[in-house]
Amino acid sequence: MSNVSPRSIPKARGGTLTDHYPPPPTIRRRDSCRLCGGKTLDLVLSLEPTPPANAFVTLAEADKEQARFPLDVFFCEDCFHVQLLDVLDPKVLFENYVYVSGTSPLFVKHFEDYAADVMARLSPRQSGLAVDIGSNDGTLLGFFKKAGMKVLGIDPARDIAEKATACGIETINDFFSASVAEKILANHGPAAVITANNVFAHIDDLAGISEGISSLLSDDGLFVFEVSYLVDVFEKTLFDTIYHEHLAYHSVRPLISFFDKHGMELIEAGRIESHGGSLRGMAQKKGGPRPVGNSVARAVAAEVKLGLDKAETLRAFADRIDTRKAQLSALLAGLKAEGKSIAGFGAPAKATTLMYHFGIGPEVIDFIVDDSPLKQNLLTPGMHIPVVGPQTVDERKPDALVILAWNFAGPIMANNAAFHDRGGRFIIPLPEVRMI
Ligand SMILES: [Zn+2]
């Protein structure tokens, strides 16, 4: 369930993308903190409401209006957890996920190193069961299997689970829960390793899955998770990572008390580069064999220094986003006043947040170029801007390209050097507004 690939888009159940229309998702608003249950929740950032970030539609559905849902970010005064309280039905968001992690060489390498890191910590124990929650195509489990472990995947995307099982990685097609954990425990025994990558930000009932993890984990077992890190979101102005699939914006301090509440202890909190900056956390059952590493205290100190334990810090973050919005709007309005044509480059999920909040609509950009054939010939969620292949830049010769997938600005500019050579301008919206 990796979340930031430009390839991750929903697919019609039993059909193709061309006959896809997303059903209207259901929504409910929590009234308590997802981690501690506290009820003192401050609204610190209110982004423009959007449709689900991956709800692309076909040309035939251009005239159908898509529902938009609030993107309000709340700060818990009790445990400092930053989160969305509006929860869209996960069945709509995840069941037809087509992102497949094994297709990206970078991800494969990432998971190979990840498995090696975990295996080293299990030493001398090198066998036993490894369970991956949100296992996608089984890439990570494949490395555990190679290292001699028994493996079991769990993934709610039916096609992906079936394919992984066919390829030798047994995968349960379900959402992980305490009851699924019970069944695994009965059939396979306790797990030496449980992993969950880019899952902890996506699940509303974190308490429930943590109970499941705690019950399934062996007494000396290791739970490892990767999740996008609030420190990176804050420092690098990654506000466009805020969309409905990402319910939680984790930092270390709230997680310490959260794990403690569920019979576990956080023992490592390392920073890694995935997805613009993530956290690789490790936890064990309380009283487990490993000492708490220095990385935990170091992370907490860094978070306190940034003021992430104060609502006003998040409000200042909101002000910073507004400043970027004003700068970008002025730049784009200036170009339009000169009669320039503007297109977008890149249609990842996060472009939905960026375009809505920054007001980059069909009156500003004519089309969006995306390298993924899965998105070409579709229309963007809500705004219905056409997504086209890269050859369109040559055909239609826009004067400027707004790089919506701005975390890939370097490679995008390199691949489109010819556009720049003939006078085209690149506009990079974040972390600072720049025109090149
Ligand atoms: Zn809380």
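Atoms within each ligand, like the ligands themselves, are counted from 1 in listed order.
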Undergrad: Is it true that the NZ or CZ of Arg320 lies under 6.0 Å from the centre of Phe239's six-membered ring and within 45 degrees of the ring axis?
TA: no
Undergrad: What protein N/O/S atoms are found closer than 2.8 Å to the Zn ion (ligand 1)?
TA: Cys33 SG, Cys36 SG, Cys76 SG, Cys79 SG
Undergrad: Taking the six-membered ring of Tyr114 as reference, does the cationic atom of Arg280 (NZ for Lys, CZ for Arg) lie under 6.0 Å from its centre and within 45° of its axis?
TA: yes
Undergrad: Please determine, by modelled atom types, if Asn407 and Lys350 share a side-chain donor-acceptor pair under 3.5 angstrom.
TA: yes
Undergrad: Can I get a per-line list of side-chain donor-acceptor pairs under 3.5 Å for residues 306-315, giving both atom names and the distance, sequence neighbours left out?
TA:
unit_1 : atom_1 : unit_2 : atom_2 : d
Asp309 : OD2    : Arg253 : NH1    : 3.3
Thr313 : OG1    : Gly307 : O      : 2.5

Undergrad: Are Phe111 and Phe143 close enough that their ring centres sit under 6.0 Å apart?
TA: no
Undergrad: Should Thr380 and Thr352 be marked as a side chain to side chain contact (heavy atoms under 4.5 Å, CB included) after you check the CA-CA gap, both sets of side-chain angles, and the distance that decides it?
TA: CA-CA 8 Å; Thr380 61; Thr352 302; 6.0 Å; no
